[in-house]
Amino acid sequence: MEADPAGRPHEVAHGGAPLRLLLVDDQPLLRMGFRLVLESEDGIEVVGEAGNGEEAVRLTRSLAPDVVLMDVRMPVMDGIEATRRIAAEHSAARIIILTTFDLDEYAFAGLQAGASAFLLKDVVPAELVQAVRLVASGDAVVSPRVTQRLLETYVRGASPGRPAEPDPALDPLLKDLTPRELEVLRAICEGLSNAEIAHRFFLSEATVKSHVRRILTKLHLRDRVQAVVYGYETGLIIPSNPDF
């Protein structure tokens with residue numbers, strides 16, 4: 001079983017154990033709807049519910065869920081701060097931010113805070129289930145097009161005068177990457193899957209997976225989504241459409 005740079009397992013539901021899920025939203029009816037959808041699936045168990053971010057942090061510690069479905073606008077503590085605290089504690093839990101709009105500043109803030117993906121609250125049941133399973137396996141679920149739109153909108157908007165070169169302060173980390181690893185990182189930032197990266201560079205998927213593991217380790221990143229955020233924030237990837 002593979003592990004990420006912090007030693008967290010990628011395949012969280014193993015040996016027949018169900019995937020453990022924590023629901024976080026201040027609307028009980030919405031939590032109920034998500035619970036009904038997810039618990040109808042084999043291999044998924046909702047182990048707890050929270051109505052605010054503070055409860056989410058506490059229950060993540062005590063229940064050790066594999067995936068947290070996290071709303072952002074909640075009383076006491078919002079989902080962004082809760083995500084930041086959970087990530088700071090090096091929890092094994094992977095977090096999916098729930099938002100209302102795809103181009104949502106909260107979704108971008110959630111990715112910056114350490115979330116692995118975001119979903120719209122009106123997601124259809126099949127996509128919700130698939131998202132939970134993919135995030136648990138360590139893969140991003142944000143579609144490349146939406147990811148690019150989100151990052152280009154908020155990274156460019158946050159730093160309109162940003163130069164085209166990577167931040168010199170982060171150059172030592174980038175210089176630790178081999179030329180091939182840098183190519184793979186750029187491909188990850190484009191939203192390519194392991195299979196697509198393998199096809200582009202004439203590699204096996206196993207080799208690509210090894211490159212991805214080493215990239216995440218060297219750059220101290222939680223997962224592929226964090227690699228994409230890193231690529232945009234450091235200037236490794238430049239927003240491609242200035243009129244978007």
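Owing to the predicted nature of the structure, the values given are computational and were not obtained by experimental measurement. Along the sequence shown, residues are numbered consecutively beginning with 1.
The shortest side-chain heavy-atom distance between R186 and E183 does not fall under the 4.5 Å cut-off. The shortest distance between side-chain heavy atoms of D26 and P75 falls below 4.5 Å.
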Task: Verdict with reasoning, K121 to D25, per salt bridge (charged side-chain N to carboxylate O under 4.0 Å, His left out) - done: CA-CA 11 Å; K121 283 193 172 185; D25 197 290; 3.2 Å; yes

Task: Stepwise side chain to side chain contact (heavy atoms under 4.5 Å, CB included) check, R20 with L63 - done: CA-CA 9 Å; R20 298 166 58 81; L63 298 176; 4.2 Å; yes

Open item on the list: Please determine whether side chain to side chain contact (heavy atoms under 4.5 Å, CB included) holds for the pair I197 and H211, giving the CA-CA distance in whole Å, both sets of side-chain angles, and the decisive distance to 0.1 Å.
Closed with: CA-CA 11 Å; I197 295 172; H211 283 314; over 6 Å; no

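I80 and D78 get closest at one heavy-atom pair: N-OD1, 3.1 Å. Pairing each heavy atom of T60 with each of A93, the nearest pair is CG2-CB, 4.0 Å. Looking at every heavy atom in both residues, P65 comes nearest to V47 through CB-CG2, 4.4 Å. The minimum heavy-atom distance between P18 and D66, with the atom names listed, is O-OD2, 4.0 Å. Heavy atoms only, all atoms of each residue included: A87 and G114 are closest at CB-CA, 4.3 Å. Taking both residues in full, the closest heavy atoms of D71 and L98 are given as OD1-O, 3.7 Å, listed atom of the first, atom of the second, then distance.
Listed for the Q226 side chain is a donor-acceptor partner under 3.5 Å among the backbone atoms of A115. In terms of modelled atom types and a separation under 3.5 Å, the side chain of T83 and the main chain of G79 share a donor-acceptor contact.
The line from CD of E127 to CG of D122 is 9.5 Å long, rounded to the nearest 0.5 Å. Separating the CG atom in L22 from the CD atom in E55 is a distance of 9.5 Å, to the nearest 0.5 Å. Atom-to-atom distance recorded for L111:CG and I97:CD1 is 7.5 Å, nearest 0.5 angstrom. In this structure, CD1 on I215 lies 9.0 Å from CZ on R224, to the nearest 0.5 angstrom. The CG atom of L119 sits 7.0 Å away from atom CG of L69, with the distance rounded to the nearest 0.5 Å. Summarising the geometry, atom OH belonging to Y230 is positioned 14.5 Å from atom CD belonging to Q112; distances are rounded to the nearest 0.5 Å.
Among residues two or more places apart in sequence or in another chain, the salt bridge (Lys or Arg N to Asp or Glu O under 4.0 Å) test is passed with E49 by R31, R35. M77 pairs by the side chain to side chain contact (heavy atoms under 4.5 Å, CB included) definition with E54, V57, E81, A82, R85, not counting sequence neighbours. Remark: E45 engages no residue in a side-chain hydrogen bond (donor to acceptor under 3.5 Å, both in side chains) (not counting sequence neighbours).
Residue L23 forms a side chain to side chain contact (heavy atoms under 4.5 Å, CB included) with just one option from L38, L59, V68, and that option is L38.
Using a cut-off of 4.0 Å between Lys/Arg side-chain N and Asp/Glu carboxylate O, R94 and D223 are scored as salt-bridged. A salt bridge links K218 to E181: one of the charged nitrogens lies within less than 4.0 Å of a carboxylate oxygen.
Remark: the T207 side chain and the S204 side chain contain an N/O donor-acceptor pair separated by less than 3.5 Å.
At a threshold of 4.5 Å between side-chain heavy atoms, the hydrophobic network of Ile, Leu, Val, Met, Phe, Trp and Tyr places L216 and F201 in one connected group.
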